[in-house]
Every structure is written in structure tokens, then in C-alpha cells.
Amino acid sequence: MKVLIVKTSSMGDVIHTFPAVEDARCHRPDLSFDWCVEEAFAGIAALHPAIDRIHTVAIRRWRKALLDSGTWREAAALRRTLRDCRYDLVIDAQGLLKSALVARQAGAPIAGFDRSSAREPSATLFYDATYPVPRDLHAIERTRRLFGLALGYQPDLSTLDSGIVPPVGTLAGIAGKTAFLLHGTSREDKKWPAEDWIETARLLIERGITPVTTWANEREKAVAEAIAKAVPSTVVVPKSPLADIAAFIGRSELVIGADTGLTHLASAFGLPTVAVFLATEPGLTGPRGQYASTLLAVPGKRVMPAGVVAEAERLAGLQVLGKANAGKN
């Protein structure tokens, strides 16, 4: 049975789908999975070993060129490719009108959330089978429940396994422990001040841990360079392909990040991960993992670097203890 997953964006949403895929792989070994995702996140979706083929969409780019003939050629080519694959089922795990329209292109039965559960109820008009999943659950659990209902099994929600491992890749010239600092995020109100990242880097150096950071645009580059200027032992990774950054993150001892997709990736890798949330509530969409934690700014108070580093050390200690206990079993 061939199943197509439609979860096009964002990076965090794509990562939140991995535990559902892992559940399905364990409960339904007779299934094969492909994934339709935004072109920018194809490398992320490909991290899960159960995914056979990646189909890319470019909705963000297409919207800016709706009158361009090239846009319609690309969309038509995607439709032909999806139909040629002859899927038995499509799961729209996003519940949006745009994802439902993409799912429709495959010409196969579509399963998704029902009207009371979907983020955009109009999407359900395109579904052949709909399932109720409470909206007050974390996005990971919602997706796991949807997959279980659509594919006929009961996921074990007492456990959480993303099923992914970091790509192969190392940072040359770095010895010892490293901590990846993910300061970049899409909104200004989500950004922890540069001086707090600098203080965090100093505290990590005091503990014998090398801070590593990177950037994806000029504003982020300025912050990365400010950290490295104030704390010269900081390693700044130049702007790199997402797969390379994923590999570097995966080889870190711990990760400290803003509310950004790569922070979710670190927690999915099972790394000690501290997320700093300043303007958004992490309750239903925050990072989840065995060694993940979120520090939320409360009105009138800051999230302090000392508290962030202390939490990272606590999580790292729990990981060491977990590995020791696993070795005894």
C-alpha cells in the first residue's frame, strides 16, 4: 500500500510529523511512504528512513508569480508525477486549504482531520475520510492520532520517537564538547537580544564547551559575528545548505535555540535542547523530546542566560543518566 503524506511547511510542522511516521512504520510495515513538501524543506523530510520519495511544491514561490507560464508548468508537472505514482491513500496532515488542494492532485482517496479538527475547515471539502482529533492537543500528538485513525492502529502516546538520526557531517578543527546556538528566527519579537547570546557563549566557555552558531541572512550574520567578536572562541559556520546545518547540530552535545524550526530539529534528534520563547506560547507547538525544555518569558521579566545554561546542563545530565541506565538493560 502506497501512502502519500502532504505536510508542506513550516519546518517545525514537518518535524512534528516524524513521530507519526515512526508509529506507522512500526505498526504497519506493509506500507510505503512518500512525502509532498515545500522545496525548502525537502532535505528535512528526507531525514526519516521510512520516506521513499520526496515530491516538492513551491507554493511560496508560485504565489509570487501566478501569471508566469513557468509556474503553471511546474504545477502541472507535479500533478502528472503524483498521478503516475498511483497512491492508495493520501494523508493531509496539515489541514489547510492549500495542503488539501495539493493532496487533490494525486487523484487518490484523501484522509484528514474533520471540520471541527482541521485548522481550516474548508479543507475538509476535499477529503474522502475525516477523523476527529481534539484541537487542544500538541501538534505532534494530533498528527500521531490522525495517522493511527487513518491507518488502523492505536499509537502508544506514552512514548515519543521521531525515528530520525543526524546526517553524516562534522565541523573540522573543533575538539571537545560543542553547543549550537540557534539565534535566528523569522520574527523580531521572537529574537533573544544579542547581549544574552553573548553572555550565554561566555558561560559555555567557562564550562569547557565551545559555542557554535550560524546565519541565514545578513541580520543573522551580524548577530553571529557580534557573538564571535565578544567571545572569540565561538565558531561561526557560514551560511550553508540545510542538510549540512542539520548534520552540525546533530553532532553537538547540546543546543540552545530561539523559537525556530532548527530548535525543533535538535529536540527531534534527542539532543539536550533548551528553547527560549519570548513572544509565543509553546504549549501546542513547542519543541518536544526526551531532553527538550522550553523557557518562556513572563510579562515584565527576562529569560536570563544563567538560567538557560543551567537548564541545558540539567538536560545534559539527564541524557548521560539515561544512556547509563540503557546500558545496564
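Values below: all heavy atoms of this structure, side chains included; hydrogens, waters and symmetry mates excluded.
A distance of 8.5 Å separates CD1 of Ile91 from OH of Tyr131, quoted to the nearest 0.5 Å. In this structure, CD on Glu39 lies 8.0 Å from CH2 on Trp62, to the nearest 0.5 angstrom. From Ile51, atom CD1 reaches atom CG of Asp34 across 7.5 Å, with rounding to the nearest 0.5 Å. Distance OG1/Thr8 to NE2/His55: 14.0 Å, rounded to 0.5 Å. Atoms OG1 and CD, on Thr273 and Glu311 in that order, are 11.0 Å from each other to the nearest 0.5 Å. Considering CG of Leu321 and CD of Gln319, their distance stands at 11.0 Å, rounded to 0.5 Å.
The cluster map of Ile, Leu, Val, Met, Phe, Trp and Tyr, joined by side-chain heavy atoms under 4.5 Å apart, puts Leu96 and Val90 in different clusters. A chain of hydrophobic side-chain contacts below 4.5 Å, direct or via other Ile, Leu, Val, Met, Phe, Trp or Tyr residues, connects Ile15 to Ile245. Cluster membership check: Tyr87 does not share its hydrophobic cluster with Val3, using side-chain heavy-atom separations under 4.5 Å among Ile, Leu, Val, Met, Phe, Trp and Tyr. A chain of hydrophobic side-chain contacts below 4.5 Å, direct or via other Ile, Leu, Val, Met, Phe, Trp or Tyr residues, connects Ile227 to Val308. If you chain together hydrophobic residues whose side chains sit under 4.5 Å apart, Leu160 and Val133 never meet in one group.
In this structure a side-chain-to-backbone donor-acceptor pair under 3.5 Å is present from Gln105 to Leu101. The closest donor-acceptor contact from the side chain of Ser240 to the backbone of Pro238 lies under 3.5 Å. Judged by distance alone, the side chain of Asp128 and the main-chain N or O of Ile110 form a donor-acceptor pair under 3.5 Å. With hydrogens and angles ignored, the 3.5 Å screen pairs no side-chain donor or acceptor of Arg119 with any backbone N or O of Leu97. A donor-acceptor pair under 3.5 Å is formed between the side chain of Ser252 and the backbone N or O of Phe248. Here the side chain of Arg79 pairs no donor or acceptor atom with the backbone of Ala75 at under 3.5 angstrom. A donor-acceptor contact shorter than 3.5 Å links the side chain of His183 to the backbone of Thr214. At distances below 3.5 Å, at least one donor-acceptor pair connects side-chain atoms of Asp88 with backbone N or O atoms of Lys2. Arg144 places a side-chain N or O within donor-acceptor distance of the main-chain N or O of Asp156, the cut-off being under 3.5 Å.
In this structure the side chain of Leu151 never reaches within 4.5 angstrom of the side chain of His27, judged on heavy atoms. Looking at heavy atoms from C-beta onward, Lys98 lies in side-chain contact with Arg63 at the 4.5 angstrom threshold. Contact of the Thr200 side chain with the Trp192 side chain is registered, since non-hydrogen atoms from C-beta on lie closer than 4.5 Å. Contact of the Arg53 side chain with the Cys85 side chain is registered, since non-hydrogen atoms from C-beta on lie closer than 4.5 Å. Between Ile209 and Glu253 the shortest side-chain heavy-atom distance does not fall below 4.5 Å. Considering only heavy atoms from C-beta on, Lys191 stays 4.5 Å or farther from Leu278 through its side chain. By the 4.5 Å heavy-atom criterion applied to side chains, Pro19 and Thr143 are not counted as neighbours. Counting heavy atoms from C-beta outward, Arg219 and Glu188 have side chains that approach closer than 4.5 Å.
By the neighbour-count criterion of 12 heavy atoms within 6.0 Å, atom CZ of Arg83 is densely surrounded, having more than that number from other residues, nucleotides or ligands. More than 12 non-hydrogen atoms from other residues, nucleotides or ligands lie less than 6.0 angstrom from CD of Glu220.
What you find for His138 and Thr285 is that their closest heavy atoms are NE2-C, 3.6 Å. Between Met11 and Ile44, the shortest heavy-atom contact is CG-CG1, 4.2 Å. Between Leu204 and Ala179, the shortest heavy-atom contact is CD1-CB, 3.8 Å. Scanning all heavy atoms of the two residues, the minimum distance from Thr234 to Ala201 falls at OG1-CB, 4.0 Å. Closest approach of Leu265 and Ile164 over heavy atoms only: CD1-CD1, 3.9 Å. Residues Ala312 and Leu254 come closest through the heavy atom pair CB-CD1, 4.1 Å.
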Self-check item: Stepwise side chain to side chain contact (heavy atoms under 4.5 Å, CB included) check, Val303 with Phe277
Solution: CA-CA 9 Å; Val303 176; Phe277 274 53; over 6 Å; no

Practice problem: Start with the C-alpha gap between Arg142 and Phe113, add the side-chain angles, then the distance that decides, and say whether side chain to side chain contact (heavy atoms under 4.5 Å, CB included) holds. | Solution: CA-CA 9 Å; Arg142 273 172 49 84; Phe113 297 106; 3.8 Å; yes

Exercise. Step by step, work out the side chain to side chain contact (heavy atoms under 4.5 Å, CB included) result for Phe41 and Asp13.
Key: CA-CA 10 Å; Phe41 308 125; Asp13 289 342; over 6 Å; no

Self-check item: CA sep, side-chain torsions, deciding dist, call: Leu318, Arg314, side chain to side chain contact (heavy atoms under 4.5 Å, CB included)
Solution: CA-CA 6 Å; Leu318 288 175; Arg314 184 186 73 83; 3.3 Å; yes

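Inspection of the Ser117 and Asp114 side chains reveals an N or O donor paired with an N or O acceptor under 3.5 Å. At a cut-off of 3.5 Å, with distance as the only test, no side-chain donor of Ser9 or Glu38 sits close to an acceptor on the other residue. A donor-acceptor pair shorter than 3.5 Å can be found between the side chains of Asp92 and Ser99.
Using cut-offs of 30° and 60° for the angle between ring planes, the Trp35 and Phe18 rings count as perpendicular.
Salt-bridge formation is not detected for the pair Arg288/Glu141: no Lys NZ or Arg NE/NH1/NH2 atom is positioned less than 4.0 Å from an Asp or Glu carboxylate oxygen.
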